Amino acid sequence: MTRVSALAVAAFALASLAARTSQANEETSSETAPDSTPPTEIVVTGQPREDRGTVVSVMKGKEIERLGATNVGETLERLPAISSGGGARGERILTLRGFDQRQLAVFVDGVPVSVPYDGQLDLSKMPVDMVERITVVKGSGSLLYGPNGLGGAVNIATREPTVSPSLTLKTEMAPFSAIRASAVGSASVGPIGGVVGMAAENVRYVPLSRSFATLPNQEPGRRDNSDRRDISLASKWTWDINDSHRVMLSASHFGGFFGVPPATRDLTVRYWRWSNWESSSLGLSHTYRGERFETEEVVFASMFSNTLDSYDDARYASQLLPRAFHSIYDDMSLGGFARTKNIIPLGGERHLDVRTWTGLKHDSHESKGSPGQDTTKVSTNIVTTSAQADLDVVPELLRVASGVQVDAELPDTPPSGPKPNAAAAAGPLASVSVMPARDFSVTLSAASRTRFPTLRERFSTVFDANEPNNLLAPEHAWNFSLDAVTRPARAMRIAAGVFDSELRDLITSVVIAPQTNQFQNIGHARFVGAEMELTWSPAKWLEVLAGALIMRARSGDAFDQPVAYRPKSKGLVAVTVMPWSTVSLTGILRHVGEQDFQNPDTAVWGRLGAYQLFDARAEWRFHPMMRVWIRAINLTDANVESRYSFPEPGRTIFVGFSTQVGS
């Protein structure tokens, strides 16, 4: 920890202690004022069971807000198991326990939202205002979440309608540089309920740390080409036909235009902008909840459209030089799935839970470049079926689970080259949970998963710098984990786990000719590590959240080569103090350890040093329906790089206000 970060933490602790001391003559049994906002809970979990150790991580909605997250990407970055950083296209892409975002399955209300072309989506473009919970499944726990979850899955569930009408308005601004606003309305009339939300953001620039020194492609002060303007719309409509049947329609749209900050040290400067970026999804579902049998059927359509422009220079006005281009992508996912759960009584308290997941997804990609260039169309189909059985062998003492997932890909015939081969793979799962004491459990699990190539990996030429490989095969991984969870004291939960993920047939870019690469199945990798989580509320006025991850990520046949941008450690400590029922103070210290990188110009490996970021948030509810807050990101103004040539923002202070009408 740097000296500045240590001083900041100490100052926060002293301020919190002083605030608590000033409350000494108040009633120690006074309750926190009731929350007047609609129940918005964000859950980060594997399966909704408390015996899965670090596979299950839960954060409630209020905690997310206090941790200073305004979008899904920021929310996920607060988890020790997840790391992220800015990249060459201006996106923040996640890694989960070493797996990159292409190797994760991402959904909104069960609808896939990853762009079919490259298998990922910048989740920092998705605000949390309409989010109720986020489910993150790590490693071996992702059997029943559909295809391509090689290292896990993320499901984002939107808010449920409120019984009585309500309207929540929020606004937040960083003076002279950024402003965001949102509105969420909700109501129910008889069995029909609806919730509608909108969020807009206008960022003029992202500030750099004051200690940032001039680099070849970047001056101190404002990050070049870092502006963004976006708007998000989302809605959910539910019809509770009776106590057992529900129909739900959900729709969302995220869009805007964004600058792409250039790499600060690259020999070739990219003058890129997203002139248009849009993501839309529509889902229709029916659920049945019986005493022993449950079903859910979902049909969906997700559409993605974007335009990436490369300009001649930093004026971003002309496209006359050979390196300039105009690239338009249109992607679509269509499909549906069905889930079931059947509880089979076995006598006494014993029962067998059988769950299934079956689905079909069609992915397509259409692209065209500058006027006069041909349009490229490619597509593929993925079929998945899985089943899992859970049995309490000895109730409250021993539980076992076993299952299998079968994935198959049926690619369509491309416009050129050989037709890709159809492929199929079976991934088994097994786990054993032992609960020797009421407040202690241990779970051992193992599972195999498969990821099929993205359309980009198979067919892209990357502006004639890549040779397509239509015969690219899928990736495979075995995930092993041993987790324990205990509650040694009042309002305390400690979870710890170790994991080992072994990947084969990894899709890796290989140089096959001067200035020409090709994606091939030649990679091997192994991610081994340990994770810990702590939640503790020793008093009504104090909450503590902490987590840590240590990991060794290696690649190559002998696992003797580094893997880029996989931090060797990560940690988070967040302390919230509520000295009065209307005031809360939160300090968050994030640590990111050393990580290897490969210079894009020289291909030489290097290492980025560890760094710490200190965030803080103070909120005052001055009226039951109104509140104000101050939120600071990187309060110590640390100058750090999460990725080579891409510095993190410097100190940014936001002031916010919220009001609510209705319950």
Side-chain angles (χ1 to χ4, degrees), residues 82 93-107 112-121 123 136-155 302 331 333 335 337 357 359-363 365 378-386 403-411 420-429 446-460 469-480 499-510 518-527 553 555 563 566:
I82 292 182
I93 303 303
L94 308 172
T95 63
L96 171 63
R97 285 186 173 180
F99 291 90
D100 68 36
Q101 198 166 325
R102 290 185 180 91
Q103 298 165 328
L104 308 176
V106 181
F107 310 90
V113 293
S114 296
V115 180
Y117 179 63
D118 60 6
Q120 55 192 13
L121 181 73
L123 297 178
V136 174
V137 187
K138 306 171 188 176
S140 59
S142 60
L143 184 70
L144 296 168
Y145 287 84
N148 287 333
L150 194 72
V154 177
N155 185 46
S302 296
D331 288 51
S333 285
F337 65 85
W357 196 102
L360 168 66
K361 183 162 72 87
H362 172 78
D363 288 343
H365 167 73
V378 289
S379 56
T380 190
N381 307 279
I382 298 176
V383 181
T384 299
T385 184
S386 57
V404 65
Q405 176 165 314
V406 179
D407 298 289
E409 184 190 22
L410 306 171
N421 297 322
L429 172 143
S448 174
R449 295 302 310 271
T450 298
R451 180 186 79 92
F452 296 105
T454 65
L455 298 174
R456 174 180 182 269
E457 290 167 331
R458 269 211 184 105
F459 302 115
S460 175
N469 185 356
N470 293 20
L471 302 181
L472 205 58
E475 299 177 332
H476 305 280
W478 271 100
N479 295 295
F480 305 90
F499 60 89
D500 182 354
S501 297
E502 300 182 12
L503 298 75
R504 68 184 189 279
D505 300 323
L506 285 184
I507 298 171
T508 306
S509 182
V510 179
Q518 185 183 56
F519 288 105
Q520 299 179 3
N521 294 101
I522 65 169
H524 294 77
R526 188 179 185 185
F527 308 136
S555 65
V563 182
R566 294 336 189 246

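It should be emphasised that the depicted structure is a prediction, and the values quoted were computed from it without experimental measurement.
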Closest non-hydrogen atom pair between [X] and [Y], with its separation:
X	Y	value
Ala425	His476	CB-CE1, 3.9 Å
Phe99	Phe527	N-CE1, 3.8 Å
Phe452	Pro474	CD2-CB, 3.7 Å
Arg449	Gly149	NH1-O, 3.3 Å
Asp118	Arg456	CB-CD, 4.0 Å
Gln120	Ile93	OE1-CG2, 3.3 Å

May I ask you to check whether Trp357 and Tyr145 place their ring centres under 6.0 Å from each other?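 For Tyr145 and Trp357, the ring centres are not under 6.0 Å apart.
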Verify side-chain contact (heavy atoms from CB on, under 4.5 Å) between Val115 and His365, making sure each step is shown before the conclusion. CA-CA 9 Å; Val115 180; His365 167 73; over 6 Å; no
Nearest 0.5 Å please: distance from the [atom1] atom of [X] over to the [atom2] atom of [Y].
X	Y	atom1	atom2	answer
Leu429	Gln405	CG	CD	10.0 Å
Gln101	Leu96	CD	CG	10.0 Å
Leu455	Tyr117	CG	OH	8.5 Å
Thr508	Gln520	OG1	CD	9.0 Å
Leu121	Ser114	CG	OG	6.5 Å
Leu410	Ser379	CG	OG	11.5 Å

Taking Arg451 first and then Glu409, would you say they form a salt bridge - that is, a charged N and a carboxylate O separated by under 4.0 Å? no
Is there side-chain contact between [X] and [Y], with heavy atoms separated by less than 4.5 Å?
X	Y	value
Pro453	Phe459	no
Arg504	Leu506	no
Leu471	Asn421	yes
Leu360	Ile382	no
Arg458	Pro420	yes

Any chance the side chains of Ser501 and Asn479 put a donor and an acceptor closer than 3.5 Å? yes
Does a donor on one side chain and an acceptor on the other come within less than 3.5 Å for Thr450 and Asp407?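 No, no side-chain donor-acceptor contact under 3.5 Å.
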Stepwise side-chain contact (heavy atoms from CB on, under 4.5 Å) test for Leu503 and Leu150: CA-CA 9 Å; Leu503 298 75; Leu150 194 72; 4.1 Å; yes
Please confirm whether the backbone N or O of [Y] pairs with a side-chain atom of [X], one donor and one acceptor, at under 3.5 Å?
X	Y	value
Ser386	Val404	no
Asn521	Ala473	yes
Thr95	Gly98	no

Got a sec, which residues hit salt bridge (charged side-chain N to carboxylate O under 4.0 Å, His left out) with Asp331, two or more places apart in sequence or on another chain?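 Per chain and number, Asp331 pairs via salt bridge (charged side-chain N to carboxylate O under 4.0 Å, His left out) with no residue.
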